[in-house]
Student: 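I am attaching a structure below and will ask some questions about it afterwards.
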Amino acid sequence: MNPAWLRKDFYRLLEVDENADQAAVEESYRRLIGELRPETSPDDALRYSLLTEAYSVLADSARREEYDRMRAADAEKPAAYAPPPPQAPRSGPWRWMRENLFDGEWWGPIAGNTALTLAVALIGLNLSRFITSYLFDPGRKWSALTYNMKLLMVQAFPQDDMIRIWLSIGILAVLAVWSLASWEIGGRLPLTTLMRRLRFGGGLLAVAAVMHHGAGARTFGLPPVLQIDAPADWSSPRVSVFLVGAAAAVGSHLLIKLIRRPGAAADGEDTPERSVPALALPVIIMAAVSVFLWTARLPVPEGQFEETTGPIAATTARPWTILFAATVAAYFLGLLIQRRYPQPLRRFLLIAWFTSYPVIIMIIQRKPILHWMDILGFGETSFFASDLGTVLTFVILGGAAIWVLALPRSKAVVTGAAAGIGLLILASTFIMEDPPAWLTTLVPIGGLAIDLLLGGLIAAALTAGAWLVADRYESVRLIGSVLMLVAVMVWLRPMPFLFRVLTTVFALAVLLCPTFGGTPTGRRNLVAGWGIAVLVVVSAFRLGIAETGLEYQSTTFLGGFNLTILLAFGGIALSFPLGVILALGRTSSMPIFRLVCTGYIELVRSVPLITWLFFGASMLVAFLPQGVEFDELVGVIGALALFNSAYLAETIRGGLQSINRGQYEAARAVGLSTVQSTSLVIMPQALRAVIPALVGQVIVSFKDTSLVAIIGLTDVLLIARSIIPQQSNPSFQGTIAQMMFFMALFYWVFTFAFSRSSMRVERNVGLGER
Amino acid sequence: MTADATKTAGTPAIICENVGKWFGDFAALRGVSCTIEHGEVVVVIGPSGSGKSTFIRCINHLENHQQGRIVVDGIELTNDLRNIDAIRREVGMVFQQFNLFPHLTVLGNITLAPIWVRNQTRTQAEETAMSLLERVGIPEQANKYPGQLSGGQQQRVAIARALAMNPKIMLFDEPTSALDPEMIKEVLDVIKELARSDMTTIVVSHEMGFAREVADRVMFFDYGSIVEEGTPEHFFTNPQNERTKLFLSQIL
């Protein structure tokens, strides 16, 4: 027997049926080969051989019997390809509802899903009835909302300086929308989905218009649970606002349908569905609201706003409309630039986000009268002591040194840079204060002389070290080490606190140069990082330290939402690098490093956060050098950051433990140094592994900021909890229940945004895990 | 480069003298001595737990030896970190479990070390990486992540990653032991091609056919020392030591 037979149907080839006898087979074979011309046609030759094979099998009764048995067995074998069972017809909303919401037996002992659906629907209906009747109660004083919101946002920020708050919010809103646009968050929305949403939104607005309460609800004599709300009071101006909104939604729905029609009709279902960026919809609504507020003149209901004849935007809503317009502009600008220069734009946005924090602190915290001249260096203080002067001097000189040292092209260049740094140190001795007494008694020469001697020694050591060490990268490390010594000395000498910190940061940056500066990108990042560090340090000091001599606004100046955001972002952003270092320390093989980190983590975790907040707010001063005073706010941000870092460290340590040891070995085997292996191979994987836990930690830290109320900072929750409900001024309104409901919503919006963005991040980085 | 060449021209690639290594009480290596010349291909075989992996891991100091000395390319391995870094730049290693970096693409895996250690530009490093991927036969996988490749492809990427540093010596630690049978050949073919290209190569392997085909010398490890070594013909046809004979009878 031959398995190939099964693939050929001999009966069909010979044009006989399966019961045909030998004579019929023979006759049919003779007839068929008689028609063939195998000598002339290759097709006929092939057919000839096939027919002969078929005949040789079917003509032999034994082989025919075998062939029949094989065919019968083969027919029983299931086919490799079988049509799938028929699919249920595409489910529409009604079908879905019947299957998922009402699939229980109506008459059964337990009505299954149906009962549940009905119960939830009843609850939902009553909840919505409660909310609408609450919102649309004619007795509601919406003017209180403006006062309440201002209080919640900034507490008692002076009215004359509100422009700073608006500026800060504006910076954040523009950055946020710009980033959303350029990262294309939300993806694209197919037009059909967009139309469905427009239909739904329009319907909702129409329902809202109808639900709008009239003078008195009609009860129809029903028990309260089953009451349906009374028909609308059509004369109210708010009804017309809802109706205009509904009409706009339906109108744009029709417009899209009109535009979409030709393409869809021409190409049928195969055309890729047209889509718009998902964010365009809210942005367009924002723009529409803004335009509406500027143009519409509604009859203002009595007692709600001050009587005015101008458009709504001319009253309290003006900053909002400007804000809306700015975000809309930022969105389209973002889309436009994103198409042209995707990479530089994203880098710019990232840097902008990092710099926005100190800039906003500057804007909000500065003493109410902004001394622009002082900031820019043309005021009473010298240029170098001004904000701009300090930042520029350090960024330019330090940046140049880092740029040169990051990729040491020749020994002469490295030595030159070392000599330059040495000369700067020597020069700075002239502008420093007198040396401490113990030093002058030890070496009995004049103050300036000893400074010059020390400076000269350091300069000589730097230059000689750079020249003598053969390996150029090693000589940069040597320069970094000498600078580190200088930084330690700087902390022992009386001099501006800011200068000490910047020197230390600079020494650290130089130490990082040989490890990370090898590539042009690495060099750029190092210099950019240095610039950002200088900006952050300078603005933080201008904010927080009395010693700088500049006036700053005390913490009582700030409260509410602004305070919450400053605390949350400051605490979280600062705790991340610290947490990474602590996690590495706890898993390190260096005993002292490990001991210090373990001790720190265990100590911090064993004491409640409130204790640390008290410590940061009032006890920290006792541990600081004389003359150095931190603002309470800085102390609290520090306490939050230090506390969070201990928890983050443990989470990240979990991530580190999940990394296979082979990864580290492979990184070392290709020649990466320990620092490079950790930061390029181990840490990225460890952080990815624990993203969900990290986000959980961030959410907890965000909510924990509400604890600062205990140490007397007026965060948003404190205002909502006690300040607003206690107001006797009739302009304010709100019971504690209402405020708490609002605060729940407020916190939920933020935490939900965190968790959504973390899901997005997980999706984006999860690719390598597959 | 020429200075390096003159420095190392006369010396062997690797010299081991009386190398010993213990894990706690367990003696993994007991006085291993050998000399491997430049361009030589050595296949190390032996039963599991005999110290072959420990031996080649000592050569690039993933394990530090506690006794004797190891000189690689004229540099003695000590605990001085700079010596170790210098040697690791010259010695490529391929692991049994591939150990690719899962968070980087194939291209990112190969270019990481050239960019950060050799200070090459990204374009330069990527050009080299693509030509290496051509050499190991999978240029089309350049932008995939390791998790999306088969075991054989991953191991070939690992080989390309080691070659990207342009090493003088390649170490293979059981490169085919974690692979499915049908993928072993594609990896061995790449290693064979390398071995013919005058690269100093040490392979720990259980593939006797491969050893017989490419090795200049076969070393048999047992109980932490070299029991027998010699050319493949001598080793496989006429083994002298009883333990070698026993091992070969079990495996062939």
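Just so we're on the same page: letters track the sequence lines, and every chain starts at 1.
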Student: How close do A/V681 and B/H103 get, heavy atom to heavy atom, and via which atoms?
Tutor: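 That closest heavy-atom pairing would be O-CE1, 3.6 Å.
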Student: Residues of residues 505-512 of chain A under 4.5 Å from chain B (heavy atom pairs)?
Tutor: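 The list, in residue order, is empty: none.
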Student: Is the backbone N or O of A/G662 less than 3.5 Å from a side-chain atom of B/N99, with the two atoms forming a donor-acceptor pair by type?
Tutor: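 Yes, because the side chain of B/N99 sits within donor-acceptor range (under 3.5 Å) of the backbone of A/G662.
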Student: A/L680 and B/L104: side chain to side chain contact (heavy atoms under 4.5 Å, CB included), yes or no, with the steps?
Tutor: CA-CA 10 Å; A/L680 298 172; B/L104 299 174; over 6 Å; no
Student: Holding to side chain to side chain contact (heavy atoms under 4.5 Å, CB included), I want the full list of residues that pass it with B/S177, two or more places apart in sequence or in another chain.
Tutor: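 Only B/Q96, B/E174, B/H206 meet the side chain to side chain contact (heavy atoms under 4.5 Å, CB included) criterion with B/S177.
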Student: Taking only heavy atoms into account, what residues of residues 665-672 of chain A are found under 4.5 Å from chain B?
Tutor: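 Near chain B, by residue number: A/E665, A/A666, A/A667, A/R668, A/A669, A/V670, A/G671, A/L672.
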Student: For B/F95, is it the side chain, the backbone, both or neither that has a heavy atom under 4.5 Å from a heavy atom of chain A?
Tutor: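 Looking at B/F95, just its side chain touches chain A.
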Student: Measure distances from B/L100 to the heavy atoms of chain A and classify the residue's part below 4.5 Å as side chain, backbone, both or neither.
Tutor: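 B/L100 touches chain A through backbone heavy atoms alone.
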Student: Any sub-3.5 Å donor-acceptor pair from A/Q676's side-chain atoms to B/W116's backbone N or O?
Tutor: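 Yes; judged by distance alone, with no hydrogens or angles, the pair exists.
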Student: So for B/R57, is it side chain, backbone, both, or neither that comes closer than 4.5 Å to the heavy atoms of chain A?
Tutor: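 Contact with chain A: side chain only.
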Student: Say you draw a straight line from CZ of B/F101 to CD1 of A/I682; how long is it, rounded to the nearest 0.5 Å?
Tutor: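 CD1 of A/I682 is found 8.0 Å from CZ of B/F101.
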Student: Given a strict heavy-atom distance threshold of 4.5 Å, which part of B/V94 is in contact with chain A: side chain, backbone, both, or neither?
Tutor: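 For B/V94, neither part sits under 4.5 Å from chain A.
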Student: Taking only residues two or more places apart in sequence, or in another chain, which ones meet B/Q141 in a side-chain hydrogen bond (donor to acceptor under 3.5 Å, both in side chains)?
Tutor: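 In terms of side-chain hydrogen bond (donor to acceptor under 3.5 Å, both in side chains), with neighbours along the sequence ignored, B/Q141 is linked to B/K144.
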Student: Starting at CG of B/L112, measure out to OG of A/S677 and round the result to the nearest 0.5 Å.
Tutor: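 B/L112 atom CG to A/S677 atom OG measures 9.0 Å (nearest 0.5 Å).
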